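Notes follow the structure.
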Amino acid sequence: MLDPKLLRENSKHLAERLATRGFSLDVAHFEILEKERRQLQIKTQDLQNKRNLSSKTIGEAKAKNQDVKTLLEEANTLNEELKTTEEQLTTIQNQLHELYLQIPNLPQTTVPLGTSEKENVTIRTVGTVPSFSFTPQDHVALGSKNNAMNFDLASKITGARFVVLQGQLARLQRALIQFMLDIHTKEHSYQEIYTPYIVHRDSLLGTGQLPKFEEDQFALKGEHPYYLLPTAEVSVTNVLRNEIIDAKKLPLKYVCHSPCFRSEAGSYGKDTRGMIRQHQFEKVELVQFCLPESSYELHEALTQHAEIILQRLALPYRVVALCTADLGFSAAKTYDLEVWLPSQNCYREISSCSNFEAFQARRMQARFRQGTNKPELLHTLNGSALAVGRTLVAIMENFQDADGHIHLPSALWSYMGGIKIIT
RNA sequence: GGAGAAGUGGCUGAGCGGUUGAAAGCGGCGGUCUUGAAAACCGUUGAGAGAUAACUCUCUCCCAGGGUUCGAAUCCCUGCUUCUCCGCCA
C-alpha cells in the first residue's frame, strides 16, 4: 500500500510514476472520493463530539437527580443523524481502502523504464555457458531413466503440473535444500525459521498476493478462508505483522525452506513440459526487515546471497534488473537471477530478489521504534535462494554427459553421501 | 471432538454502565543525589486518524466483528486465540 498522505498530496505525480509500470490510476475518481471522505469525517467527528458531551451532561444531571427527559430526546435526535453519517463514512472509507489495496508499489527511481520484459536490463553475467560435443538432453529425458523423475505417476496421483522424484533425484533435491540452508545460516547469518504451509487471508493481503491475485492461489475448502502457501515470503514476512520492534534488532534476517503452491492460472500452455512450472515446488526463501535508509544496500547484499548459491554450484547465470513493466505488484525494485538451461538455450528465472520498501509493511503495520521516537514503517526485502526445483533442473542439464549421467558439483558431494555422479 | 476458564498499555495486573485512555507495580526515558555506578527520591512514558499557519483542539482504539444504551473496557451475541481436563492421534 502506498502512503495515503503522499497519494492525496501528489496524486497526479504518483499517477505518472504508476503509469510507467502499466497501472492507470483514476485520479479524478480518487480525488472525488477523498474530498467526500474528508467532509464526512469532519462531520462525523463533530457529531461524535456532541454526543460525548451530551452523554456526559446526562450523567451529571442524573447524579444530581435532575430531570433528563428533554436531554434524552435531544440525544436521540443527534444519534439518528450520527448513525447515517457514520454509515456514509464507513462506506466511503471501505471504498478508498479497496482502492488503496489495488494500487501497486511505485518503482524506485533506478528501475529501468520499459513496456515489456524485453526491456529488462542485464546487470552482469557470471560463469560460462557449457558447450557440448553431443546434443544435450533436457531434464525430462535425463530424469526418465529409472523413472527418477516421473510426471505420469504424479498425474496418476494428482494431475497435471506435479512431479514424483525418486531415488537419487529425490535425494538431490533434499541435498540442495540442506546445502542452501547451511550456507545462509552459517555464512550469511540468517535465522532459520519454519512456518505453517497454510495461511489466512490477512497474511496474503499483507504481502500483496491478495486481493488482486486470488486466482493464483489455492484456496482451501472448509469453514476457514485458508490458502496454501504460494511462497514462504508470505508466512515469514507476516511474522512482524502488527508488531513494533526495537530498531536495535535490525536488520532481521530469516531463511525459510518451504513448499510453494501456485495454481498457475493463466499460464496454460506455458512451460508445460518438465519441472519448470509446477503447482508444487520447493523453495528456500530469504526475508529481511530493515531500516528504510539501509534497504537498498541490503537488497544488493541479499541478491549476492542468492548468487553465491549459483556460484558454489558452478551454474552459469545472469542478473537482470526488471524494468518498470515487469515489476511485481508489491516490489519497488527487483533483480531476477536467471540460470542457463542448455535444453532451452536460454537463461531462465531461478530467483527473484525484491525490495518492497514500506509497501508490505504499511499493509501489515510492521513497524520499528528508534529510541523514544514514534514508530515508523519497516522496509521488507526478500528473494529466492533458490527455487529448488529449477536448481535441480539446471544441475541436471548443465552437468550431463553423453551417457546422460549427471556430474554433481563438488559443493554437493558431502550432502549426497559422497555420490559424485548420478547414473 | 466434548467440558470448563481467560483475553486490558513494552510486561505484570486493577477496573460498581457515566470526567477511565484506563489504578498500581515493573520496565523505558529525563532529572536530583554520587568522583562514577547502584540504591533512593521527583517527573515523564500507548497507537492511529482528522482540523489548524501555529499554540492546540477533536475523534477512534481495552482480542476481532456485531448488538443493547443518551452513554460500554464494563451488559448481550458470534468468531478468533490461549490455558486446564477428557477423548482421539503422528
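As the structure is a prediction and not an experimental result, all values here were calculated from the model.
- Listed by residue number, A:Gln41, A:Ile42, A:Gln45, A:Gln48, A:Asn49, A:Arg51, A:Asn52 are the residues of residues 39-53 of chain A with a heavy-atom contact under 4.0 Å to RNA chain B.
- Within the structure, side-chain hydrogen bond (donor to acceptor under 3.5 Å, both in side chains) pairs that include any residue of residues 348-362 of chain A comprise A:Glu233-A:Gln360, A:Asp271-A:Arg348, A:Ser295-A:Asn355, A:Tyr296-A:Glu357, A:Thr334-A:Ser354, A:Asp336-A:Ser352, A:Gln344-A:Arg348, A:Gln360-A:Thr380 (at least two apart or interchain).
- The side chain to side chain donor-acceptor pair (under 3.5 Å) search around A:Lys145 returns none, not counting sequence neighbours.
- A:Tyr317 is linked by a ring pair (Phe, Tyr, Trp, His ring centres under 6.0 Å) to nothing, counting only residues two or more places apart in sequence or in another chain.
- Across residues 80-98 of chain A, not one residue has a non-hydrogen atom less than 4.0 Å from an atom of RNA chain B.
- Legend: residues meeting side chain to side chain donor-acceptor pair (under 3.5 Å) with A:Arg312, ordered by chain and number and at least two apart, are A:Glu187.
- A search for salt bridge (Lys or Arg N to Asp or Glu O under 4.0 Å) contacts involving A:Glu282 returns nothing, not counting sequence neighbours.
- Nucleotide B:A6 forms a pair with B:U81, judged by Watson-Crick or G-U wobble geometry with both contacts under 3.5 Å.
- A donor and an acceptor atom, one from each side chain of A:Tyr335 and A:His299, are nowhere located under 3.5 Å apart.
- Within the structure, no pair that satisfies the side-chain hydrogen bond (donor to acceptor under 3.5 Å, both in side chains) test touches residues 20-29 of chain A, not counting sequence neighbours.
- The span of RNA chain B lying next to chain A, judged by atoms under 4.0 Å from heavy atoms, is bounded 5' to 3' by B:G18 to B:C80.
- Within 4.0 Å of A:Arg362, counting heavy atoms only, lies no atom of the nucleic acid at all.
- Here A:Thr91 pairs with nothing under the side chain to side chain donor-acceptor pair (under 3.5 Å) rule; sequence neighbours left out.
- Looking at residues two or more places apart in sequence or on another chain, you find no ring pair (Phe, Tyr, Trp, His ring centres under 6.0 Å) involving A:Tyr254.
- Within the 4.0 angstrom heavy-atom criterion, only backbone atoms of the sugar-phosphate kind lie near A:His224; the bases stay farther away.
- Qualifying side chain to side chain donor-acceptor pair (under 3.5 Å) partners for A:Thr207, counting only residues two or more places apart in sequence or in other chains: A:Gln209.
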